[in-house]
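Numbering of ligands and ligand atoms starts at 1, following listing order.
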Amino acid sequence: MNQETRSKHSSLKKRAKVAIGRSDGSFRDRFKTLDSKKKVNLRTAKINTNRRVKNDDIASNVEDGFYKRRNDSGRNDENVSNLRGRRTESDDSRGRGSKLNYRGRNETSDFGGKKKRIYADDGGSKLRNNVSDSKSKVFDKRESSQDGGDDWRMKRENSENRSGFLRRNGDAKYVSKNRVFDKRESQDGGGDPRTKRENSENRSGFLRKNGDAKYVSKHRVFDKRESQDGGGDGRTKRENSENRSGFLRKNGDAKYENSKQTRGPVEEHKFGVKKLKVKKNVSDDSLEMFDRPRRKRRLFRVEYPHDTANKRFDDSLPTIDNTTEQKKDSDTEENTEMSQNAQFRAIPLNPSIISFVNENLLGRRREIEFKKAGYDIELPSPLDNIPFSTSSERERIEEPVFRNKLTFFAAAKVSSSFPPPDLPEIAFAGRSNVGKSSLLNSLTRQWGVVRTSDKPGLTQTINFFNLGSKLCLVDLPGYGFAYAKEEVKESWEELVKEYVSTREGLKRVCLLIDTKWGMKPRDHELIDLMERSKTKYQIVLTKTDLAFPVDVARRAMQIEENLRTKKSALQPLMMVSSKTGAGIRTLRTVLSNVSRFARL
Ligand SMILES: Nc1nc2c(ncn2[C@@H]2O[C@H](COP(=O)(O)OP(=O)(O)OP(=O)(O)O)[C@@H](O)[C@H]2O)c(=O)[nH]1
Ligand SMILES: [Mg+2]
């Protein structure tokens with residue numbers, strides 16, 4: 001322990017002794033005064049006895065520089081208690097009277113030589129503590145209401161703290177270089193605390209009250225809470241407060257005031273009205289260190305629509321001309337797209353096609369419709385099954401040729417690999433992923449014989465399947481977009497063209513068109529080729545279950561209109577769904593005629 005600490009301790013000890021000498025007289029006198037104000041009738045004698053005991057206790061505590069906080073709930077604030085290096089005291093220690101709570105010098109020095117006063121409660125209901133440092137003066141008044149119950153009235157005036165803790169009701173207040181006027185009043189016995197703080201001046205620190213934290217920097221805070229009834233309403237008023245910058249938090253709400261200076265010297269309080277006046281303090285150099293640096297915010301205006309997340313902008317934004325041009329282009333594309341859609345919607349609906357679509361349950365349908373029609377929706381391609389049948393396999397296929405087993409027998413990457421044309425062939429062509437392979441499985445109800453994938457470009461060779469000894473079904477590779485190298489794609493597209501234009505025994509090409517997208521330029525290319533080579537082809541709309549029934553009808557009418565002049569195009573246009581089985585039976589009937597009347 002160095003010399004300075006020793007001198008501090010000795011001065012503290014002297015003051016403590018003086019305090020002890022005064023305690024019997026001045027403390028008691030004060031309590032007498034308070035008691036008279038409180039008008040407590042029956043308890044006065046008892047309270048005074050208790051306080052005498054407490055004063056002795058206080059004297060011993062003060063002598064050792066020890067400050068102990070107690071309340072009847074036994075609540076201790078661990079953080080502050082640890083900070084002060086004190087141990088907690090249980091409630092039963094109150095009755096020890098003049099027994100000293102010995103504390104060593106180290107604990108005294110930990111506490112920082114602060115003067116502490118403890119006031120006893122009546123009947124052990126509450127203890128209020130007030131702490132200030134050696135330079136502070138604290139005037140503390142407590143008043144109890146007329147009923148003499150658990151309510152206390154506390155007033156602190158003109159207190160000045162350099163640094164320290166104010167604790168009340170288990171809450172800690174850290175006030176630095178401030179004056180705090182705090183008053184709590186309660187008019188009835190409802191147990192509501194009323195608090196008033198006047199002429200307080202904070203430079204920096206935390207004020208905590210009733211569980212709320214207030215961080216006040218460079219300001220004076222006037223805080224008053226009053227409640228007139230016992231309903232638990234708290235009313236707060238702060239006046240004469242000064243903020244340069246900082247946060248004021250009240251009842252969980254944070255108010256940030258920056259460089260707002262108002263002068264409001266006197267509070268004007270109305271019950272039920274919360275008022276906050278902020279007053280600028282006199283210039284103080286020491287306050288500057290608590291000023292928050294003001295940030296200059298740079299605002300960037302994003303003129304273009306693409307995603308700006310995680311992107312740092314330069315000051316130079318794209319020129320207006322470029323943006324305008326881009327907008328114009330996109331507008332033109334949108335208009336074109338819209339006009340195409342508008343054209344599609346404008347197609348007049350033919351009642352006969354609409355009725356056909358509805359009868360065959362084509363288009364997007366709800367399961368309840370299938371159920372009502374008697375189809376078992378648990379089966380694959382249920383609409384192709386017999387109504388009310390629970391067999392997963394088709395019990396009876398109307399066309400005998402499609403009852404035969406589907407067997408793969410050849411795959412060709414080049415025309416020289418084509419098998420000899422022993423049987424009449426029906427080929428399935430179309431864009432990649434349009435549903436060619438799936439349709440083969442669905443027609444024969446033999447799932448898994450032909451491989452399918454949701455990835456465009458699975459079928460890359462011409463695959464030949466025998467359907468018994470009557471018919472040959474040919475699965476062609478698709479054209480258009482596919483997950484394959486360009487060279488490979490070009491080679492198989494050339495092979496398809498060669499096959500449909502030169503293949504002997506090819507009796508019909510089913511050109512599959514996705515109902516949703518309609519015909520694309522590549523489809524027209526193939527049609528032109530087949531027209532030139534006089535290969536018979538028939539349009540089959542696929543994936544009808546993904547489009548609304550009216551759109552299925554519109555698409556069918558649109559394609560029929562486009563192919564009106566085509567000589568090799570065969571009627572009628574077919575509409576199927578491999579998923580639901582809609583239209584499969586009709587297609588089967590049409591194709592079985594090919595085998596029946598085909599001549600090799
Ligand atoms: N919703 C629905 N999906 C279908 C239908 N037909 C086929 N699909 C799906 O479409 C995807 C492509 O089917 P595929 O039969 O492999 O198409 P593909 O024309 O043979 O494709 P490529 O072999 O790449 O040329 C698969 O995921 C099928 O399940 C249908 O009628 N309705
Ligand atoms: Mg395929």
Chemist: At a threshold of 2.8 Å, where the distance has to be below it, does the Mg ion (ligand 2) have an N, O or S atom of S432 nearby?
Modeler: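 Checking the Mg ion (ligand 2) against S432, no N, O or S atom falls under 2.8 Å.
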
Chemist: Could you tell me whether the Mg ion (ligand 2) has an N, O or S atom of S437 under 2.8 Å away?
Modeler: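 Short answer: yes, at least one N, O or S atom is under the cut-off.
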
Chemist: Should G430 be listed as contacting ligand 1, given a heavy-atom distance under 4.0 Å as the test?
Modeler: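 In this structure, G430 fails to qualify as a contact of ligand 1 - no heavy atom is under 4.0 Å.
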
Chemist: Could you name the option among K579, K436, K543, K455 that has the heavy atom nearest to atom 19 (O) of ligand 1?
Modeler: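 Among K579, K436, K543, K455, the closest heavy atom to atom 19 (O) of ligand 1 comes from K436.
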
Chemist: Side chain, backbone, both or neither: which part of T580 comes within less than 4.0 Å of ligand 1 when only heavy atoms are counted?
Modeler: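 Neither part.
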
Chemist: Any side-chain heavy atom of V449 within less than 4.5 Å of one from T444?
Modeler: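 Not in contact.
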
Chemist: Atom OG of S469 and atom CG of D422: how far apart are they, to the nearest 0.5 Å?
Modeler: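 Answer for the OG-CG pair, S469 versus D422, is 11.0 Å.
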
Chemist: Could you tell me if any non-hydrogen atom of T542 lies under 4.0 Å from any atom of ligand 1?
Modeler: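 Heavy atoms of T542 never come under 4.0 Å of ligand 1.
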
Chemist: Would you say the rings of Y479 and F481 are close, in the sense that their centroids are separated by under 6.0 Å?
Modeler: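 Here the rings of Y479 and F481 have centres that are no less than 6.0 Å from each other.
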
Chemist: Looking only at heavy atoms, is any part of P456 under 4.0 Å from ligand 1, and if so is it the side chain, the backbone, or both, or is it neither?
Modeler: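 Backbone only.
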
Chemist: Who's closest to atom 13 (O) of ligand 1 heavy-atom-wise, of S438, S381, A582, G581?
Modeler: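 Among S438, S381, A582, G581, the closest heavy atom to atom 13 (O) of ligand 1 belongs to S438.
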
Chemist: Among R508, K566, E531, find the residue that satisfies the side-chain hydrogen bond (donor to acceptor under 3.5 Å, both in side chains) test when tested with Y537.
Modeler: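 Of the listed residues R508, K566, E531, the side-chain hydrogen bond (donor to acceptor under 3.5 Å, both in side chains) partner of Y537 is E531.
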
Chemist: Taking 4.0 Å as the limit for heavy-atom contacts, which would you say applies to D545 with ligand 1: side chain only, backbone only, both, or neither?
Modeler: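 The answer is the side chain of D545.
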
Chemist: Take the angle between the ring planes of F418 and Y499 and call it parallel below 30°, perpendicular above 60°, tilted in between.
Modeler: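 Perpendicular: the ring planes of F418 and Y499 meet at over 60°.
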
Chemist: Between A482 and ligand 1, which part of the residue brings a heavy atom under 4.0 Å of the ligand: side chain, backbone, both or neither?
Modeler: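 Within the 4.0 Å criterion, A482 makes no contact with ligand 1.
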
Chemist: Assess whether a salt bridge exists between D551 and R345, defined as any Lys/Arg side-chain N lying under 4.0 Å from an Asp/Glu carboxylate O.
Modeler: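 Salt bridge: yes.
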
